[in-house]
There are 2 protein chains.
Amino acid sequence: MKWDELEEQPCSLARTVAVIGDRWSLLILRECFLRKRRFEAFQSVLGITRHLLAERLKKLVRLGVLRRIPYQESPKRYEYILTQKGLDLYPVIMAIVHWGDVHMVDSRGRPMLHEHQNCGKLFDPVMVCSECGEPLAAKQVHVHPGPGARQPAVASLKAEKVR
Amino acid sequence: MKWDELEEQPCSLARTVAVIGDRWSLLILRECFLRKRRFEAFQSVLGITRHLLAERLKKLVRLGVLRRIPYQESPKRYEYILTQKGLDLYPVIMAIVHWGDVHMVDSRGRPMLHEHQNCGKLFDPVMVCSECGEPLAAKQVHVHPGPGARQPAVASLKAEKVR
DNA sequence: ATTGACAGTTCAATTTTAGAACTTTAAGTT
DNA sequence: AACTTAAAGTTCTAAAATTGAACTGTCAAT
């Protein structure tokens, strides 16, 4: 399966994985959320090869997660900032960080703590139901096919083949 | 940077990316949350090569996300089920799915809908602050170094090198 | 005149992944 | 008894992605 095919699957997880499902994209986005914006800043802190960083940044721009804006003329230089689509990845990032905080820390404890400006406290992110506000657990959720459940052309062809 | 180095960074995101930050792991876990448990089931629905599936399953077992348990003797056959550590990835999966639902759907709408058994309603996952219960936004969160902020040996060497 | 910063690009060597065939153990079918 | 199927892998070669290192072009500072 190629990356482009992933994007076309009738699955919101697969489509998102097509955007962030590689080793570097999430690390680049981490730096974006930590207010880094420039090529050199990403490269030096991550240790990613310049080649790949250039490619990943292009991809994230193409997909609308980052915007490339000039910050000086002559020589023309650009920096990368999160779009709203990119900012909306915050819950993904926080869910990932939280899982690491719970399951991947050593005896020394968490590398980072998060403070919520609204209430002034150190917090953990909690995922809740938009309707009743209760924390979510996998076992309490049932899945139903939605209106976009199947691809019109490709999937029906595949179905034929399988039958 | 190698995968093993990722795991050792003083960053919960990097450590989690070392576990799920590739094209296939999240898709395999999707199937796990959809109650799939067997090699053939994963392989046929995902289209992943058998070679890579075997490798990824081994890795997820080694990292404690899945458990490999025999479901029949002679011939000995195994299936893969989520551990608690694996089940705890649910918020990560849901955050990813939700972002896809918002930003990657076509005109036909969402491929899947989620029903919360507790309240009986179709819902979206929302990430809130554990302390005040308010929905989280990146701009309202400040980050502080925690007790595990730096690697004891490696990081200080790196710091020397940089200085 | 030289050095350094920044944002990349280029290219060979290595590592990963894809695609396909093959293996093993046993049950079911002809 | 021979043949087919199923499940869970393993093995192999070709293709693709990633690494590592050097190089480019533009400008400012020394």
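Note on naming: letters A, B, ... go to the chains in the order of the sequence lines (proteins, then strands), and numbering restarts at 1 for each one. Here the structure is a predicted model, which is why all the values come from computation and not from measurement.
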### Message
Quick check on the 6.0 Å ring-centre criterion: do B:Y78 and B:Y71 meet it?
### Response
no
### Query
For A:K36 and A:A41, which heavy atoms make the closest approach, and how far apart are they?
CD-CB, 3.8 Å
### Query
With no hydrogens and no angle check, do the side chains of B:E134 and A:H116 hold a donor and an acceptor under 3.5 Å apart?
no
### Message
Tell me the closest heavy-atom pair linking B:E131 and A:L122, and the distance in Å.
### Response
CG-O, 3.3 Å
### For DNA chain D, the residues among residues 37-46 of chain B that have a non-hydrogen atom under 4.0 Å from it
B:R38, B:F39, B:E40
### Query
So, do B:Y80 and B:I69 sit near enough that their side-chain heavy atoms are less than 4.5 Å apart?
no
### Message
Does atom NE2 (B:H142) have a neighbourhood of more than 12 heavy atoms from anything else shown, all under 6.0 Å?
### Response
no
### Query
In whole Å, what is the span from the CD1 atom of B:I28 to the P atom of D:dG9?
12 Å
### Query
Do you know the tightest heavy-atom contact between A:G148 and A:P10?
O-CB, 3.8 Å
### Query
Does OP1 or OP2 of D:dA7 have a side-chain N or O of B:Y71 closer than 4.0 Å?
no
### Donor-acceptor pair, side chain of B:Q43 and main chain of B:I48, under 3.5 angstrom
yes
### Query
Which letter, B, S or -, goes with each nucleotide of nucleotides 17-30 of chain D from 5' to 3', with contact meaning a protein heavy atom under 4.0 Å?
-SBB-B--BBS---
### Task
Provide the start and end nucleotides, 5' to 3', of the part of DNA chain C that has atoms under 4.0 Å from heavy atoms of chain B.
C:dT17 to C:dA26
### Query
What are the two closest non-hydrogen atoms of B:P125 and A:L136, and how far apart are they?
CB-CD1, 3.8 Å
### Message
Looking at every non-hydrogen atom in both residues, tell me the closest pair between B:R67 and B:T83 and how far apart they are.
### Response
NH2-CG2, 3.7 Å
